[in-house]
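Written below as structure tokens is the structure these notes are about.
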Amino acid sequence: MEMTLQVNSVLLAAGDGVSAMETAVRQAAAAGGVPDLNPVKGAFLGLPGVLWLWGLALVSFGLFGWRVWRIVTALRRARPENRFDQIPRRLRMVVDHVLLQKRIFNERAIGWPHFLIFWGFVLYATCFNWSLASGLFPFLKLPFPDEVRVVAFLLEIFAVIVLVALGVALARRLFFPPPRLHLSLDANLILGLIALLMVTTLLGSGFRLQAEGGHTSDWAPLGSLLVRVLPETSPATAAAWAKAMWWLHMLGVFFFLCYLPFSKHMHLVVSPLNVFFGRLQPVGTLDAPGTKEDYTTGAAHWSEFTWKQLLCGFACAECGRCDRACPAQNSGYSLCPQDVIQKLKHHFEQAALQGNGAVVTTTSSGGAKEEAMPVLAGGLIQPAEVWACTTCMACMECCAVWNEQVPIIVQMRRHLVNQGAVDRGIQDMLDKLNRYGNSFGKSDRMRARWVQNGGLKIKDARKEEVEYLWFVGDYASFDPRLESITQKTARLFEAAGLSFGLLYEAERNAGNDVRRVGEEGLFEVLRDKNKQALAKAKFKVIVTTDPHTYNTLKNEYGLENGVRVVHYTELLCELLAQGRLKLRQPLQGKVTYHDPCYLGRYNGVYEPPREVLRRLGLEVVEMPRCRGRSYCCGAGGGRIWMEDAEKVQERPAESRVREAAALPGVQTMVVACPKDIAMFRDALKTTGLEGKLAVKDLAELVWECVQEPAATTAA
């Protein structure tokens, strides 16, 4: 007893944070007064509490570790991929997207509740391990977390905050569930378990204060309130209840540890790792730089995916954000990005973790038989799901745990292409590209016919040096709907005194969509031919009007000598800022601007086109879905060449023009992509919005301000 008093006196004098009241209680307990509140002292069923604690800890941590070891061992058998580079940058990503939870706030309704639940989880996980160490190693004389005033205060405050956040989350799940949110028993069980941990913390505090004589404490405001509410009882009974709350709290966590690696809430452990191992290369680069694996054959079995792609399944929180952002899912196509990730996970679990590559099914007679595990692409995931993706990157942009749905889908597309299971429209396009080098099936000499038709004289960059090489792209070169826009863009370059030229018949399709269709071999052929043509030309900067071309030239060609690639919206913004384009007749009125996926989400070019519009005198009214949340037109990933095999509710382009037309005072939707012109002008016809909303390219509006007034009158 004397030794205990001395230890407590030393702790208090050292200012370790243990309250004076708690020290007095310890001294009184040692003297035989107030009951001892140490939860591991005493025995149950003849065994000391500390032994029960050791047994429970070994079982729960052992089961958790065994399951994690099996998952890691199986992941190591998948395709290798280096995600251990640039450690400082990866740590910054963890700070931004794990600790600060930046992407959680994309959905405001659940942003703050989730943020608070997360930090409550961090606090309680830390205090659980602290409490566990105090119980397992009593000889260390460590105080329990609730014996330290500041920690006890934080535990109580966060318990209330987390309970309120849980109430919001539960109300959202029950009464206002967003589309594609999984309302599983698993999720409700975890919410209930978290609530149990919070309630046991608060009740434990109240019973503890009651055992100490019913006093109140400024450091335990909720516990002090409960003292007034709890029925009066003896100090010994209150102490027993306080210990029971501690054990119930610990049992809840032990159960959670056992259950966690077998449930969807494994994402609590895996998602920080998934963020840490996230993509560092530009989003527009489809495969990781330096990867030596042969990706041309694609993937249909778990072992053909990389370990990082498989890890995404365990990181998925099944929140449905990716599905709600997906234009294919919203239009009624069969694709659900969340399901792709989950099916990949279940395929991996059954084939790799069960170890036999087979599934057990029940026969009609009630017996069991083994059947070969079906492949993923074209089996568990139907071709219609794989081909519905527009590769718009909306799913990856909004995913709070940084899953990588698009590269996974492209991997499966490569497998389907290799097997010949290709949409007829895609096959026709690939045949034309193989034969002519363009998706329109036109002769090389027709590529620059728009130059002659417009009475223009543009240099051949292969024969004379220019500052800007204009890589025009297929649609701007061949589509009759785009010819006048392409000509006006050329006249804008001339008006600015720009030294620019073309590759003429040497230009080929850049291959961005070809690669995302899954034809890796053809992409490499197109890339190599274009790079050979570029090597013969003399220029400093490449400019293009096509965001798809812009993306692949900038991110996937590996151009040498630091060649700069710019989109024409960036160039027009520079020319206007430098005064090289004279605005003779500014425009007036309101317009809205559509962010192309491959310009915005893929390459972060948001401000230059808006700045150009403002310089023209126009007021830009943003659509509800803009910038990083912009809604895809539906053309990307080869979709522009595919025929709809499914009956859909409303195509993405139709949904987008309705969104633009609903803006008050807006009669013009401005675009900066040739494919947008094709998609949205067709959508105006099918939605009956012709005459109510105009779709114009940015170059058309700039030309209206730059051309001579006489030309305007004549037009």
Side-chain angles (χ1 to χ4, degrees), residues 179-180 182 286 295-306 309-310 312-313 316 318 320 322-352 357-359 361 371-396 399 403-430 513 515-520 632 634-652:
R180 300 294 301 167
H182 280 201
L286 192 56
Y295 284 96
T296 58
T297 56
H301 185 265
W302 72 267
S303 61
E304 296 167 337
F305 292 91
T306 70
Q309 290 172 334
L310 295 172
C312 290
C316 180
E318 300 181 25
C322 56
D323 287 348
R324 293 192 288 277
C326 176
Q329 166 61 204
N330 290 332
S331 296
Y333 293 94
S334 56
L335 172 64
C336 296
Q338 179 180 206
D339 287 352
V340 169
I341 295 294
Q342 287 301 312
K343 288 177 181 178
L344 177 58
K345 173 188 173 182
H346 296 322
H347 172 74
F348 171 70
E349 287 181 320
Q350 292 176 344
V359 291
T361 59
E371 295 181 351
M373 170 65 64
V375 296
L376 199 64
L380 294 175
I381 300 177
Q382 292 298 305
E385 298 177 69
V386 178
W387 291 118
C389 179
T390 67
T391 67
C392 69
M393 203 66 71
C395 54
M396 291 176 59
C399 182
N403 277 338
E404 300 171 11
Q405 296 91 335
V406 172
I408 291 172
I409 289 173
V410 172
Q411 276 289 80
M412 290 188 286
R413 283 184 170 186
R414 287 168 176 161
H415 169 76
L416 294 177
V417 168
N418 194 46
Q419 298 297 312
V422 183
D423 177 270
R424 186 176 65 181
I426 290 293
Q427 188 59 61
D428 290 344
M429 179 271 294
L430 295 176
D513 297 308
R515 192 175 206 195
R516 281 147 186 84
V517 160
E519 231 312 353
E520 187 72 15
C632 179
R639 287 294 310 172
I640 196 169
W641 297 295
M642 297 185 203
E643 297 179 3
D644 285 330
E646 303 176 80
K647 190 173 182 179
V648 298
Q649 300 166 1
E650 186 175 64
R651 293 176 178 84

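Side-chain atoms are counted along with the backbone in the values below, which use heavy atoms only and exclude waters and symmetry mates. Note that the numbering runs from 1 along the sequence shown for the chain.
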Heavy atoms, side chains only, cut-off 4.5 Å: are [X] and [Y] in contact?
X: His301; Y: His347; answer: yes
X: Arg413; Y: Cys389; answer: yes
X: Trp387; Y: Val517; answer: yes
X: Met396; Y: Pro337; answer: no
X: Met412; Y: Val340; answer: yes
X: Phe305; Y: Ile408; answer: yes
X: Leu376; Y: Trp302; answer: no
X: Ser331; Y: Pro652; answer: yes

I need the [X] [atom1] to [Y] [atom2] distance, nearest 0.5 Å.
X: Ile409; Y: Arg516; atom1: CD1; atom2: CZ; result: 13.0 Å
X: Cys316; Y: Leu344; atom1: SG; atom2: CG; result: 11.0 Å
X: Met429; Y: Asp423; atom1: CE; atom2: CG; result: 9.5 Å
X: Cys395; Y: Met393; atom1: SG; atom2: CE; result: 7.5 Å
X: Ile381; Y: Cys336; atom1: CD1; atom2: SG; result: 11.0 Å
X: Glu643; Y: Ile426; atom1: CD; atom2: CD1; result: 10.5 Å

Minimum heavy-atom distance between Thr390 and Cys632, given as atom pair plus value: OG1-SG, 3.5 Å
Nearest heavy-atom neighbours spanning Pro407 and Glu404: CD-O, 3.4 Å
Going by side chain to side chain contact (heavy atoms under 4.5 Å, CB included), Gln329 matches just one of Asp323, Leu335, Asp339. Which one? Asp323
side-chain hydrogen bond (donor to acceptor under 3.5 Å, both in side chains), that's the test. Do Arg424 and Gln427 meet it? Break it down for me. CA-CA 5 Å; Arg424 186 176 65 181; Gln427 188 59 61; over 6 Å; no
Taking [Y]'s backbone N and O only, do any of them form a donor-acceptor pair with [X]'s side chain (distance below 3.5 Å, no angle check)?
X: Gln342; Y: Gln338; value: no
X: Asn403; Y: Gln405; value: no
X: Asn418; Y: Arg414; value: no

